[in-house]
Amino acid sequence: MTIKVLIADDHHVVRRGLVFFLKTQKEIEIVGEAANGEEAVTLVGKLQPDVVLMDLVMPIMDGIEATKKIKELFPHTKILILTSFADQDHVIPAIRAGASGYQLKDIEPDQLVEAIKSVYQGENQLHPKVTSHVITHLSQGERKEEKLLEELTKREKEVLAEIAKGKSNKEIAASLMITEKTVKTHVSNILAKLNLADRTQAALYAVKHLRL
């Protein structure tokens, strides 16, 4: 098993150090180096690496934007963020952009090799400092969504539950013994209050949050 790795970092010394160390690992082949995000995207297209070691703060195009572009164009390429930043403002956008792993530059060399292998094998690799940010972010999102649900009236919740069952407005009207026009009004209010685009999203939301 040989893992083809591309290194993207604007610091020449950091790149040289990574190349020097990773070349000593028989399972890893360094296929290229990029000094900014734009270069990284171009080289991924040319060199088809398995894993990109991606710095976040780079000129021309940063690591988050580059990660997003690479995942759009080459979805099978894995991205492992390697950065000095462990704060939520860097972590969450990187994970959202499609990074499979997030490690800090103070990582032990052997741990970095293990992280590259894990990401290559389809596992997520997060530094312990980073994991807490992700969990906090997810629980905040849950709380925000549940708070939105509290905005609905009792009747709107009933209509939402009926939408989740795949019923039409006419069927909901018959089931709740109200007019079809009233159902339409409730549906519009539900979508507006929950920031949803359509009935399908409303049905998915209901299944998740109404414990149906």
Side-chain angles (χ1 to χ4, degrees), residues 1-139 141:
M1 177 188 79
T2 304
I3 305 168
K4 295 191 289 181
V5 174
L6 173 76
I7 296 167
D9 197 300
D10 62 327
H11 289 102
H12 181 70
V13 175
V14 174
R15 287 202 315 276
R16 288 288 86 206
L18 286 168
V19 169
F20 182 76
F21 168 66
L22 292 173
K23 274 190 171 173
T24 66
Q25 306 299 308
K26 60 179 187 297
E27 310 101 317
I28 291 173
E29 179 194 351
I30 304 295
V31 293
E33 300 174 46
N36 59 63
E38 193 173 79
E39 227 175 85
V41 176
T42 304
L43 287 177
V44 168
K46 283 182 188 168
L47 305 170
Q48 302 289 303
D50 301 306
V51 178
V52 180
L53 271 187
M54 181 80 75
D55 188 21
L56 284 184
V57 180
M58 294 186 287
I60 304 172
M61 183 190 289
D62 66 28
I64 289 166
E65 193 55 41
T67 297
K68 208 180 289 178
K69 280 242 166 41
I70 289 166
K71 292 308 286 184
E72 278 171 16
L73 298 169
F74 316 100
H76 298 301
T77 303
K78 310 288 186 194
I79 313 277
L80 174 57
I81 303 295
L82 188 62
T83 181
S84 312
F85 299 97
D87 59 286
Q88 194 159 329
D89 292 342
H90 287 89
V91 173
I92 301 304
I95 302 297
R96 275 203 182 132
S100 300
Y102 195 111
Q103 293 293 336
L104 301 181
K105 284 182 177 175
D106 62 3
I107 190 172
E108 291 295 324
D110 291 344
Q111 286 180 316
L112 178 60
V113 173
E114 288 310 310
I116 291 169
K117 287 181 190 171
S118 295
V119 163
Y120 172 71
Q121 286 159 2
E123 297 168 22
N124 290 326
Q125 268 290 320
L126 299 178
H127 189 281
K129 283 183 188 172
V130 169
T131 308
S132 61
H133 287 317
V134 175
I135 291 166
T136 303
H137 179 74
L138 290 174
S139 60

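Heads up: numbering here begins at 1 and tracks the sequence. Predicted model, so just to flag it, every value in this text is computed and none were measured.
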(message) Rounded to the nearest 0.5 Å, what separates atom OH in Y102 from atom CD1 in I92?
(response) 9.5 Å
(message) More than 12 heavy atoms of other residues, nucleotides or ligands under 6.0 Å from CD of E38: yes or no?
(response) no
(request) Report yes if some heavy atom in the side chain of I116 is under 4.5 Å from a heavy atom in the side chain of L22; otherwise report no. (result) yes
(message) Just to verify, which of V44, L43, V5 counts as forming a side-chain contact (heavy atoms from CB on, under 4.5 Å) with P49?
(response) V44
(message) Set out, in order, the CA-CA distance, both residues' side-chain angles and the distance that settles side-chain contact (heavy atoms from CB on, under 4.5 Å) for T2 and I28, then state yes or no.
(response) CA-CA 5 Å; T2 304; I28 291 173; over 6 Å; no
(request) In sequence, state the C-alpha distance, the side-chain angles, and the governing distance for K71 and I79, and then conclude on side-chain contact (heavy atoms from CB on, under 4.5 Å). (result) CA-CA 8 Å; K71 292 308 286 184; I79 313 277; 4.0 Å; yes
(request) Check whether any side-chain heavy atom of K78 sits under 4.5 Å from a side-chain heavy atom of D50, and report yes or no. (result) no
(message) When you compare the side chain of T83 with that of V57, does any pair of heavy atoms fall below 4.5 Å?
(response) no
(message) Using side-chain heavy atoms (C-beta onward) and a distance below 4.5 Å, is M54 in contact with V52?
(response) yes
(request) Quick one: pull up CD1 in I95 and CG in N124 and give me the separation to the nearest 0.5 Å. (result) 7.5 Å
(request) Measure the shortest side-chain to side-chain distance between I107 and L82 over non-hydrogen atoms and say whether it is less than 4.5 angstrom. (result) yes
(message) Any heavy-atom pair between the side chains of L80 and L112 that's under 4.5 Å?
(response) yes
(request) Flag the pair E33 and R15 as a salt bridge only when some basic side-chain nitrogen lies within less than 4.0 angstrom of an acidic carboxylate oxygen. (result) yes
(message) Looking at every non-hydrogen atom in both residues, tell me the closest pair between V91 and A86 and how far apart they are.
(response) CG2-O, 3.7 Å
(message) I'd like to check V113 versus F21 (side-chain heavy atoms, cut-off strictly below 4.5 Å). Are they in contact?
(response) yes
(message) Let me confirm one number: the NE2-OG distance from H90 to S84, rounded to the nearest 0.5 Å.
(response) 9.5 Å
(message) Check this for me, if you would: do E72 and K68 make a salt bridge, where the nitrogen-to-carboxylate-oxygen distance has to be below 4.0 angstrom?
(response) no
(message) Would you compute the distance between atom OG1 of T77 and atom OH of Y120 and round it to the nearest 0.5 angstrom?
(response) 11.5 Å
(request) Flag the pair D9 and K105 as a salt bridge only when some basic side-chain nitrogen lies within less than 4.0 angstrom of an acidic carboxylate oxygen. (result) yes
(message) Which residue is it: E123, Q25, E27? I am looking for the one with a side-chain contact (heavy atoms from CB on, under 4.5 Å) to K117.
(response) E27
(request) Kindly indicate, with the supporting measurements, whether the criterion side-chain contact (heavy atoms from CB on, under 4.5 Å) is fulfilled by E29 and K23. (result) CA-CA 7 Å; E29 179 194 351; K23 274 190 171 173; over 6 Å; no
(request) Mind checking the CG-CG spacing from D10 to D62? Nearest 0.5 Å is all I need. (result) 11.0 Å
(message) Test your reading of the model: is there a side-chain donor-acceptor pair from E39 to the backbone of A35, 3.5 Å cut-off?
(response) yes
(request) Could you check if a side-chain atom of L6 sits within less than 4.5 angstrom of a side-chain atom of L47, using non-hydrogen atoms only? (result) yes
